[in-house]
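To start, the structure under review is shown below, and the notes come after it.
Whatever order the structure lists them in is the order used to number ligands and atoms, beginning at 1. Remember, it's a predicted structure, so these values are computed and weren't measured experimentally.
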Amino acid sequence: MGEINIKMNRKTITLVYFSPTATTRTVLEEIAKGTGYDVADVYDITLSKTRKQIPSKLDSALIVFGAPVYSGRLPGLAADYFKQLSAPGIPAVPVVLYGNREYEDALLELKDICVKCGCRPLAAGAFIGEHSFSTKQVPIALNRPDKKDLASAFEFGQKIAKLLDRPATGPSSGTVDVRGNIPYKTPPIPRGLPFIDVTDDCTACGICVAVCPVDAVNEKEGFCTMDEICVHCCACIKACPESARIMKDGPLKDIADRLNQTCGTRKAPETFFAAV
Ligand SMILES: Cc1cc2nc3c(=O)[nH]c(=O)nc-3n(C[C@H](O)[C@H](O)[C@H](O)COP(=O)(O)O)c2cc1C
């Protein structure tokens, strides 16, 4: 009986994230562990089929929203999904993952969306993940989040839980301030740029088709990527067991080379909390 009561009183956390190369997911899971809360629901909206269902109302003690930074903003399809959610009065934590360049206006954009959903954003975090464009040959924040990043994520979760333990009428009932500008910056990478080549090493296993968040891999045309649909997330490149998907020479490969040269200095996660 005692055990049942303990379970009934445990607090729950909901995770909502878009994460084509899994760094956002990894950090959110570590934050959740740090809170010590039970995971109530996970809305992984990475694949197109998962974005077709919109829960009518999210309900738990805490919601963590997560997305990667794309050109200093949220990926449009993640922002569009998050905006449709409703979670009146629920404490929320917006979290962005960026590839050791800058997160610019993405965290503010996600925080603003939390407010539009009716949530109360009481903490926020910008963490670093291996850049989507990173490869072993052209590394950018390779293998991040690493142990140190995950320890920060866990500690962040612990601090959030402590903040939530304070009475709702106390000073922590405000909302968090984060870095970013309004109007948000305009993302510079347009659709339709030549991006991915498929080499002769392709064995037609179809993993690239399964992991693409926008169904841009054309099975019938040699598993080529449809440039006008592709969002450049690199999920297919990183998931290919034969390393048969590579970046074409062009503006995006040039960006990868430039980031490899300019983003070598390790950045640390930043966390923000509602004023006490
Ligand atoms: C199209 C695109 C644009 C990106 N823009 C930025 C950026 O502006 N700043 C940055 O530091 N990282 C940028 N990144 C890197 C991702 O934010 C980073 O790799 C993130 O960890 C990926 O998250 P995921 O593993 O959950 O997909 C970009 C990645 C892509 C695909």
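For atom 31 (C) of ligand 1, the closest non-hydrogen atom on the protein side is His232 O, 2.9 Å. Taking atom 5 (N) of ligand 1 as the reference point, the nearest protein heavy-atom neighbour is Ser71 N, 2.7 Å. Taking atom 12 (N) of ligand 1 as the reference point, the nearest protein heavy-atom neighbour is Gly99 N, 2.9 Å. The protein non-hydrogen atom at the shortest distance from atom 23 (O) of ligand 1 is Thr23 OG1, 3.0 Å. Nearest protein heavy-atom contact of atom 29 (C) of ligand 1 is Ser132 OG, 3.3 Å. The protein heavy-atom contact nearest to atom 6 (C) of ligand 1 is Val69 O, 3.3 Å. Considering only non-hydrogen protein atoms, atom 8 (O) of ligand 1 sits nearest to Arg101 NH2, 2.8 Å.
By the criterion of a heavy-atom distance under 4.0 Å, neither the backbone nor the side chain of Arg25 is placed next to ligand 1. Heavy atoms of Ala141 found under 4.0 angstrom from ligand 1: none, in either backbone or side chain.
Which parts of ligand 1 touch Leu97 is read off a 4.0 Å heavy-atom cut-off, strictly below it: atoms 17 (O), 20 (C), 21 (O).
Between Glu104 and Arg101, at least one side-chain N (NZ, or NE/NH1/NH2) sits under 4.0 Å from a carboxylate O, which counts as a salt bridge.
In this structure, Phe127 and Phe156 have tilted ring planes: the angle between them lies in the 30° to 60° band.
Of all heavy-atom pairs between Val93 and Leu122, the closest is CG2-CD2, 4.0 Å.
Remark: side-chain polar atoms of Asn100 are paired, donor with acceptor, to backbone N or O of Lys267 under 3.5 angstrom.
Using a non-hydrogen distance threshold of 4.0 Å, Cys234 does not register as a contact of ligand 1.
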